[in-house]
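Notes follow the structure.
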Amino acid sequence: MQGRRPGESRPAAPAGAEALLRRLEWTVLKRLDGLLQGDYRTLLRGTGVDLADLREYQYGDDVRHIDWNVTARLQQPHVRQFHEDRDLTAWFLLDLSGSVHFGSGDVSKLAVSAGFVTALARVVTRHGNRVGALFYGGGEPGVDGLLRPGASRTHVLELLARMQRPAAKASTKAGGAGTALFDLLRTAEGVLQRRSLVFVVSDFISAPGWDEALGRLARRHDVVAVRLFDPAEMALPDVGLVTLEDAETGEQLFVDATDPAFRARYAALAEAAEAELADALGRAGVDLLELATDDDLLDALLRFADLRRRRAFGPGAHLAPLSSSAAMQGEAA
């Protein structure tokens, strides 16, 4: 794992990173400002020491926040809510392995990840908070990069540039090894010393055993699993005779995608994998946000905002502007 030594200068961000960040600032973040009406507490609600409110306990709440005196008096479990930290730190645990480079259309899962992470990192840093990142599978086996927390626009540019770096590589077949998210999550346990907002951004195509490490991380931090996927991974289209290749091991398989029975078996395996993933994330006890390669980035950020609102205020809470987001996107189109 590589970091930067004290006093070492930051490398200049590529022009492509600067252009993408500027485009996101103009096309996504300005629209997000209007839809959220400046209420970034929805996105970045922290866990400070100042009591903000009390509300009834909802499934999934941290039991450590239960106010037992109020619970005993009202005969109904209540949890404490706190003012957000003034110095919130957000960490991105980024899976950049070979499978994340896949995209059946013009957009890869890596491109979706880069757009979401960059936009969210800019939201965080614009309000004086810091972002850091751990990089997995960006050319070397295992965790191969660390970006210490920072709060500047230049810092976000460096984050984006380091995510884009693997895109120039043909593959990340590290000796034929597949992804082991356990390594990324175990490394994060040692690096993240204070409670943080943590985004695990991955397609979760990995060797088993990562869910326990994710659960341990969730007990110490506020964790959101950001799952990347492509529609073709759910159902194989009828594209004739094709050669499928594992992006990480290099293994190839020649298949007849015109065969309905083969496509049905493919869909059944995909459905079983989906159920297994849902079960693993449920055991870990983390929030889940799913991002498809055909998703609208603004819509994804609004879904995340609604997810945070539900977590903070209960399942009946909604963002008022959210119901009109589809209409606004239609007007913009």
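Note that the numbering runs from 1 along the sequence shown for the chain.
Taking 4.0 Å as the cut-off between side-chain N and carboxylate O, Arg283 and Asp279 count as a salt-bridged pair. Using a cut-off of 4.0 Å between Lys/Arg side-chain N and Asp/Glu carboxylate O, Arg303 and Asp306 are scored as not salt-bridged. We find that Glu158 and Arg148 are not joined by a salt bridge, their nearest charged nitrogen and carboxylate oxygen being 4.0 Å or further apart. Between Arg153 and Glu18 there is a salt bridge, since at least one side-chain N of the basic residue sits less than 4.0 Å from a carboxylate O of the acidic one.
Residues Asp256 and Phe262 form no side-chain contact, since every pair of their non-hydrogen atoms from C-beta on lies 4.5 Å or further apart. For the pair Val226 and Val224, the minimum side-chain heavy-atom distance is below 4.5 Å. Residues Phe116 and Leu301 form a side-chain contact, since some pair of their non-hydrogen atoms from C-beta on lies under 4.5 Å apart. Residues Leu244 and Gln252 are not in side-chain contact: their nearest non-hydrogen atoms beyond the backbone lie 4.5 Å or more apart. Inter-residue side-chain proximity for Pro231 and Asp294 is flagged as met; some heavy-atom pair is nearer than 4.5 Å. Within the 4.5 Å cutoff, the side chain of Leu197 has no heavy atoms near those of the Thr89 side chain. No side-chain heavy atom of Thr243 sits under 4.5 Å from any side-chain heavy atom of Leu253. When side chains are defined from C-beta on, Phe254 counts as touching Leu241, because their heavy atoms get closer than 4.5 Å.
The two atoms that bring Leu298 and Asp296 nearest to each other are N-OD2, 3.1 Å, heavy atoms only. Annotation for Leu21 and Leu160: closest pair N-CD2, 4.2 Å, computed over non-hydrogen atoms. Of all the heavy atoms in Val191 and Trp91, the pair that sits closest is CG1-CH2, 3.9 Å. Here the closest heavy-atom approach between residue Val112 and residue Ala292 is recorded as CG2-O, 3.8 Å. Taking every heavy atom of both residues into account, Ala225 and Val286 meet most closely at CB-CG2, 3.9 Å. Looking at every heavy atom in both residues, Asp95 comes nearest to Ser202 through OD2-OG, 2.7 Å.
Judged by distance alone, the side chains of Asp238 and Thr258 never bring a donor and an acceptor atom under 3.5 Å apart. Counting only N and O atoms by type, the side chains of Ser97 and Thr179 include a donor and acceptor under 3.5 Å apart.
Counting heavy atoms of neighbouring residues, nucleotides and ligands inside a 6.0 Å radius, atom CD of Glu212 does not exceed 12 of them. Taking a 6.0 Å sphere around CD of Glu290, one finds it holds more than 12 heavy atoms contributed by other residues, nucleotides or ligands. No more than 12 heavy atoms of other residues, nucleotides or ligands sit less than 6.0 Å from atom CD of Glu251.
For the side chain to side chain contact (heavy atoms under 4.5 Å, CB included) with Phe92, the lone residue among Val124, Leu120, Val200, Leu147 that qualifies is Leu120.
Looking only at distances, a side-chain donor or acceptor of Arg195 sits under 3.5 Å from a matching main-chain atom of Arg220. Between the His78 side chain and the Gln76 main chain, a donor and an acceptor come within less than 3.5 Å of each other. At least one donor-acceptor pair closer than 3.5 Å links the side chain of Asn129 to the backbone N or O of Leu88. For the pair Gln75 (side chain) and Ala72 (backbone), a donor-acceptor distance under 3.5 Å is present. At least one donor-acceptor pair under 3.5 Å links the side chain of Asp230 to the backbone N or O of Ser104. A donor-acceptor pair under 3.5 Å is formed between the side chain of Asp67 and the backbone N or O of Asn69. The closest donor-acceptor contact from the side chain of Ser196 to the backbone of Arg194 lies under 3.5 Å. A donor-acceptor pair is defined here as one N or O able to donate and one able to accept, closer than 3.5 Å; no such pair exists between the side chain of Arg227 and the backbone of Leu289.
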Inset, instruction - Take Leu159 and Val117 through the side chain to side chain contact (heavy atoms under 4.5 Å, CB included) test and state the conclusion after the steps. - result: CA-CA 9 Å; Leu159 170 59; Val117 168; 3.8 Å; yes

Legend entry - salt bridge (charged side-chain N to carboxylate O under 4.0 Å, His left out) between Lys109 and Glu233, intermediate numbers included: CA-CA 11 Å; Lys109 289 184 284 187; Glu233 294 172 330; 2.6 Å; yes

Legend entry - side chain to side chain contact (heavy atoms under 4.5 Å, CB included) between Ile66 and Tyr57, worked out: CA-CA 8 Å; Ile66 293 178; Tyr57 174 87; 4.3 Å; yes

Legend entry - Chi angles and distances behind the side chain to side chain contact (heavy atoms under 4.5 Å, CB included) call for Phe199, Leu93: CA-CA 6 Å; Phe199 299 91; Leu93 310 187; over 6 Å; no

Legend entry - Derivation of the side chain to side chain contact (heavy atoms under 4.5 Å, CB included) call for Leu181 and Leu214: CA-CA 9 Å; Leu181 280 179; Leu214 184 61; over 6 Å; no

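Hydrophobic clustering keeps Met234 apart from Leu291 (ILVMFWY residues linked when any side-chain heavy atoms are closer than 4.5 Å, directly or through intermediates). Hydrophobic clustering (side-chain heavy atoms under 4.5 Å, transitive across Ile, Leu, Val, Met, Phe, Trp, Tyr) keeps Ile205 apart from Leu185.
Taking CG from Asp203 and OG1 from Thr293, the interatomic distance works out to 11.5 Å, rounded to the nearest 0.5 Å. Of the inter-residue distances, the one linking Tyr136 atom OH with Asp183 atom CG reads 5.5 Å to the nearest 0.5 angstrom. Note that the CD atom of Glu276 and the CD atom of Glu274 stand 10.5 Å from one another [nearest 0.5 Å]. In this structure, the separation between CE on Met163 and OG1 on Thr118 is 6.5 Å, given to the nearest 0.5 Å. Put simply, OG on Ser113 and CG on Leu96 are 7.0 Å apart, with the number rounded to the nearest 0.5 Å. Rounded to the nearest 0.5 angstrom, Glu56 CD and Thr71 OG1 are separated by 10.0 Å.
The aromatic rings of Phe204 and Trp210 sit tilted, their planes meeting at an angle between 30° and 60°.
For Phe229 and Phe102, the distance between ring centers is not under 6.0 angstrom.
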